[in-house]
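Every value quoted in this text rests on a predicted model; they were computed, and no experiment measured them.
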Amino acid sequence: MTIVRRADPQDAEPLKRLNDLFNGEGCNSAENITASLLHNNQEIVCVASEGDSLVGFCCGQVFRSMCYENHHAEITELFVREECRRRGVGTRLIAFMEAEFCKQGIRHFQLFTGASNAAAQAFYRSCGYRATGEMMFRKKPPENS
């Protein structure tokens, strides 16, 4: 049985291992994950567990802007161990995160995924998300700045 709940600091080590699978080894330490879980009030992190093992996680943030009356939330990360996919774990994580946002009065959700990640796009469509015409741009400042 899969249980979805908010992450707590005791989840830092298994979250690090899942994040290593998702984003590559060495992206973050268990210590930094613990600190983020304790002090980052902007982010919500939820986990899916089966027995004593974490099998997935989802992160989200609320964005508030003076430009808009309605705030929106973004699901920033979603990962489910490969052997646990296609069993509803990702759907449960998304539903839990959306419910957490709704508790804050947020009713506008967004997320980004790779343009070539057809499987993720199909999954998000099955959760009710629709593609928009917006494009994401990124920039890193020069190293000497």
Side-chain angles (χ1 to χ4, degrees), residues 1-85 87-115 117 119-121 123-132 134-145:
M1 174 194 245
T2 303
I3 296 171
V4 177
R5 59 175 172 76
R6 275 197 177 221
D8 60 49
Q10 290 78 21
D11 296 319
E13 255 321 311
L15 273 169
K16 181 201 178 317
R17 289 190 294 274
L18 288 175
N19 192 46
D20 285 348
L21 291 171
F22 183 48
N23 288 310
E25 288 192 36
C27 283
N28 208 352
S29 67
E31 294 79 17
N32 285 342
I33 292 170
T34 299
S36 183
L37 291 171
L38 286 170
H39 305 294
N40 185 350
N41 296 324
Q42 181 178 334
E43 183 177 51
I44 297 170
V45 180
C46 61
V47 294
S49 63
E50 292 182 356
D52 292 336
S53 299
L54 293 188
V55 297
F57 68 90
C58 186
C59 304
Q61 297 189 34
V62 174
F63 293 92
R64 293 170 174 85
S65 171
M66 69 92 196
C67 293
Y68 305 102
E69 180 178 343
N70 296 315
H71 306 309
H72 72 276
E74 182 176 320
I75 294 172
T76 58
E77 310 286 341
L78 176 67
F79 177 75
V80 175
R81 291 184 68 88
E82 191 167 342
E83 64 272 15
C84 298
R85 294 177 189 165
R87 297 192 339 224
V89 176
T91 302
R92 286 188 186 104
L93 284 163
I94 291 279
F96 185 92
M97 186 64 70
E98 290 172 350
E100 291 294 297
F101 291 144
C102 286
K103 288 177 188 175
Q104 297 182 39
I106 308 297
R107 300 287 188 271
H108 302 273
F109 312 133
Q110 70 181 31
L111 54 81
F112 296 94
T113 193
N117 192 342
Q121 291 171 31
F123 169 72
Y124 293 130
R125 281 188 185 94
S126 77
C127 291
Y129 288 81
R130 299 291 168 249
T132 69
E134 295 183 33
M135 293 179 63
M136 174 186 256
F137 290 83
R138 287 189 173 167
K139 178 181 178 180
K140 289 185 178 183
E143 292 294 321
N144 296 333
S145 293

**Student:** Between Val80 and Phe57, is any pair of side-chain heavy atoms under 4.5 Å apart?
**Tutor:**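 The answer is no; the side chains never approach within 4.5 Å.
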
**Student:** If I take atom CZ from residue Phe109 and atom CD1 from residue Ile94, how far apart are they, to the nearest 0.5 angstrom?
**Tutor:**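 Output value for this atom pair is 10.0 Å.
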
**Student:** Which distance, rounded to the nearest 0.5 Å, do you find between the CZ of Phe96 and the CZ of Arg6?
**Tutor:**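 Interatomic distance, Phe96 CZ to Arg6 CZ, rounded to 0.5 Å: 7.0 Å.
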
**Student:** Rounded to the nearest 0.5 Å, what's the gap from CG on Asn28 to CD1 on Ile33? Could you check?
**Tutor:**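 It is 5.0 Å, given to the nearest 0.5 Å.
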
**Student:** If you look at every heavy atom in Thr76 and Gly60, which pair is closest and at what distance?
**Tutor:**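 That would be OG1-N, 4.0 Å.
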
**Student:** For the side chain of Ser49 and the backbone of Asp52, is there at least one donor-acceptor N/O pair under 3.5 Å apart?
**Tutor:**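 Not confirmed, Ser49 side chain does not pair with Asp52 backbone.
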
**Student:** Would you indicate whether Met1, at its atom CE, is surrounded by more than 12 heavy atoms from other residues, nucleotides or ligands within a distance under 6.0 Å?
**Tutor:**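 No, CE of Met1 has 12 or fewer neighbouring heavy atoms, counting only those of other groups under 6.0 Å.
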
**Student:** Just verifying a value: how many Å separate Cys58 SG and Arg92 CZ, rounded to the nearest 0.5 Å?
**Tutor:**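 Spacing of SG (Cys58) from CZ (Arg92) equals 14.5 Å.
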
**Student:** Hey, is the main chain of Val45 close enough, under 3.5 Å, to the side chain of Glu100 for a donor-acceptor pair?
**Tutor:**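 No, the answer is negative, given that no donor and acceptor are paired below the 3.5 Å cut-off.
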
**Student:** Can we say Lys16 and Glu13 salt-bridge, meaning some charged N sits less than 4.0 Å from an Asp/Glu carboxylate O?
**Tutor:**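 Result for this pair is no, no salt bridge flagged.
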
**Student:** Classify the ring geometry of His72 against Phe63: parallel below 30°, tilted from 30° to 60°, perpendicular beyond 60°.
**Tutor:**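 Answer is parallel, since the angle falls under 30°.
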
**Student:** Given 3.5 Å as the limit, does a donor-acceptor pair link the side chain of Arg5 with the main chain of Ala48, or not?
**Tutor:**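 Answer holds: no.
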
**Student:** If you round to the nearest 0.5 Å, how far is CG of Leu15 from CG of Leu54?
**Tutor:**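 With rounding to 0.5 Å, CG (Leu54) is 5.5 Å from CG (Leu15).
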
**Student:** Keeping the roles fixed (side chain from Ser65, backbone from Cys67), state whether a donor-acceptor pair exists under 3.5 Å.
**Tutor:**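 Present.
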
**Student:** Any chance CD of Glu83 has more than 12 other-residue heavy atoms, nucleotides or ligands included, within less than 6.0 Å?
**Tutor:**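 Yes.
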
**Student:** Would you name the heavy atoms of Cys27 and Asp20 that are closest together and state the gap between them?
**Tutor:**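 Minimum heavy-atom contact is N-OD1, 4.4 Å.
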
